[in-house]
Student: 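Provided herewith is a single structure, encoded as structure tokens, for subsequent inquiry.
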2 protein chains.
Amino acid sequence: MHPLFNYIKEYASTSISEEDFDIFLSHFIKKKIRKKQYLLEDGEICKYFAFIVKGAMRKYYIDEKGIEHIVNLYIENWWAGDRESFVMSTPSIYHIDAWEDCEVLLITRESVLELTQQFPAFNELLLKLDERNNIATQRRITSSISFTAEKRYADFVDCHPYFLHRFPQHIIASYLGITKDTLSQVRRKAFKK
Amino acid sequence: MHPLFNYIKEYASTSISEEDFDIFLSHFIKKKIRKKQYLLEDGEICKYFAFIVKGAMRKYYIDEKGIEHIVNLYIENWWAGDRESFVMSTPSIYHIDAWEDCEVLLITRESVLELTQQFPAFNELLLKLDERNNIATQRRITSSISFTAEKRYADFVDCHPYFLHRFPQHIIASYLGITKDTLSQVRRKAFKK
DNA sequence: ATATTTCGTAGACATTTGTCTACGTTTTTT
DNA sequence: AAAAAACGTAGACAAATGTCTACGAAATAT
């Protein structure tokens, strides 16, 4: 079965019939994004959200010094995009690119609104995603303001072990708000214990 | 008119009729919470979300050293609660208390679910709040992992000027993930410019 | 197969931020 | 009105984290 179909089935209490699913799917644009290619660039408006069927992506902010700060990491069955830009149609401050070759399903804001009207299961899915996202970001903020680099890393390993094989350490360091050098130190210290 | 009625009118595209509003309001428990009293304590399950009619509250995490880390600040027309605990019925790791004497409207998870069924305007409101919250927390995370203390404070002053008169500096420092001493330094430096 | 890039680690040093103590002012409580 | 608590600032010092350079190993491109 189609990965998006399974995904909805898993997350929503109701489902979409197999006949309807063709209509549902017709709102998505299938696309391959090769490693290092962009889904979104700084200054653009985020026209599409991407459901990742296969591959890995990252969202990051580039500061005045030109340093990348990883805001989000995504793998299969995650949605990549900048919500603020997508909803408000304002220029994004983020870049999103493929860390591995990707297969994605793109959808516009208009299609999202249509599909939520038409398919209650999809509406329910989006609500749950928002809820989960709110909970997850709250945890991340708590970690960010309360913990040392060492604890933040330990927490990350606990909560997102699946990212460890997909992204190198300097990317994870950036996600945690530290440099690769500091993460290296932290790991050495933690290992000694 | 009732503050919650105005609030819904402002945020949702549809509204609730004045007769229905009595029914709507009957799901809320009106309560006064005096300064320093708790809405939620560490280890409890968050049974109620609170709509703040009047006053100011804060949510914080207490670490092993006993230090408070401010996770959220709330004033009039904000919702206070721990979403994770509220939704999953798990013990919260946060404290929420009143920073000023408060008037709040409490609502249970069950009532939320009922009201979203019964009042499309309320459902729409909650969706928008989640959306806004997602956008806001994303910004906060970006600030937290990318900016120096000085920039984070400047950003805070820009985005939340209404908090400046309601909460003292050491609370704002904690919200930004720094100590009161560091915030004091940062402000001195910024002033010299 | 070779060259190039990416990656993780290391150490020396700089900068930022935290810790602690102290003090004067303001606010709150008694 | 007096006492106590809360608040902001300051300075000396400590700890955490960042910056930079270098190097070898691994992965990738040519």
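What you see is a predicted model, and the numbers here were worked out from it, not measured in a lab. Chain A is the first sequence line, chain B the second, and so forth, proteins listed ahead of strands; every chain is numbered from 1.
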Student: Output yes when a side-chain donor or acceptor of B:S146 lies under 3.5 Å from a complementary backbone atom of B:S143, and no otherwise.
Tutor: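 Absent.
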Student: Could you check B:F167 against A:G177 and say which one's nearest nucleotide on DNA chain D is further toward the 5' end?
Tutor: B:F167
Student: Counting side-chain heavy atoms from CB outward, which of C:dC7, C:dT17, D:dA10 is closest to B:Q185?
Tutor: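 It is C:dT17.
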Student: DNA chain C: B:K180 or B:L183, which has the more 5' nearest nucleotide?
Tutor: B:L183
Student: Using a cut-off of less than 4.0 Å, is there contact between a side-chain N or O of B:R152 and OP1 or OP2 of C:dT16?
Tutor: no
Student: Hey, what's the ring geometry for A:H160 with A:Y162, parallel, tilted or perpendicular (30° and 60° as the breaks)?
Tutor: perpendicular
Student: Any luck finding a side-chain donor-acceptor pair between B:E124 and B:S13 under 3.5 Å?
Tutor: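 Result is yes, a qualifying pair exists.
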Student: Quickly work out the B:I178 CD1 to C:dT19 C1' distance and round it to whole Å.
Tutor: 15 Å
Student: In whole angstrom, give the distance that lies between atom CZ of B:R58 and atom P of D:dA6.
Tutor: 11 Å
Student: Output the rounded distance in Å from CZ (B:R34) to P (C:dT28).
Tutor: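 Atom CZ in B:R34 sits about 14 Å away from atom P in C:dT28.
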Student: Whole-Å distance between C:dT5 P and A:K35 NZ?
Tutor: 15 Å
Student: Going from OH on B:Y61 to CG on B:D42, what distance comes out if it is rounded to the nearest 0.5 angstrom?
Tutor: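 The OH atom of B:Y61 sits 8.5 Å away from the CG atom of B:D42.
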Student: Nearest whole Å is fine: how far is C:dT9 C1' from A:K189 NZ?
Tutor: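 After rounding, the reported distance stands at 15 Å.
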Student: From the list C:dT9, D:dC20, D:dT17, which nucleotide is the closest neighbour of the side chain of A:D181?
Tutor: D:dC20
Student: Would you say B:K36 places a side-chain N or O within less than 4.0 Å of OP1 or OP2 belonging to D:dA6?
Tutor: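 Yes, within the criterion.
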Student: Please check the phosphate of D:dT9 (OP1 and OP2 only) for any side-chain N or O of B:S184 closer than 4.0 Å.
Tutor: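 Result: yes.
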Student: Between A:E150 (CD) and D:dT17 (C1'), how many Å, whole number?
Tutor: 13 Å
Student: Could you tell me whether B:K32 atom NZ has more than 12 heavy atoms of other residues or ligands within 6.0 Å of it?
Tutor: no
Student: Whole Å only: how far is the CD1 atom of A:I145 from the C1' atom of C:dG18?
Tutor: 16 Å
Student: Nearest to the side chain of A:T182 - D:dG8, C:dT9, D:dT17?
Tutor: D:dT17
Student: Kindly say if A:R187 contacts the phosphate of C:dG8, meaning a side-chain N or O under 4.0 Å from OP1 or OP2.
Tutor: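 False: A:R187 side-chain N/O out of range (4.0 Å or more) of C:dG8 OP1/OP2.
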Student: Check this one for me: any side-chain N or O of B:H170 less than 4.0 Å away from OP1 or OP2 of D:dG8?
Tutor: yes
Student: Taking only side-chain N and O atoms of A:R188, does any of them lie within less than 4.0 angstrom of OP1 or OP2 on C:dG11?
Tutor: yes
Student: From the set C:dT19, C:dC7, C:dT17, return the single nucleotide nearest to any side-chain atom of B:T179.
Tutor: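 Nearest listed nucleotide: C:dT19.
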Student: Starting at atom CZ of A:F147, determine the distance to atom P of D:dT17, rounded to an integer number of angstrom.
Tutor: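 It works out to 13 Å between those atoms.
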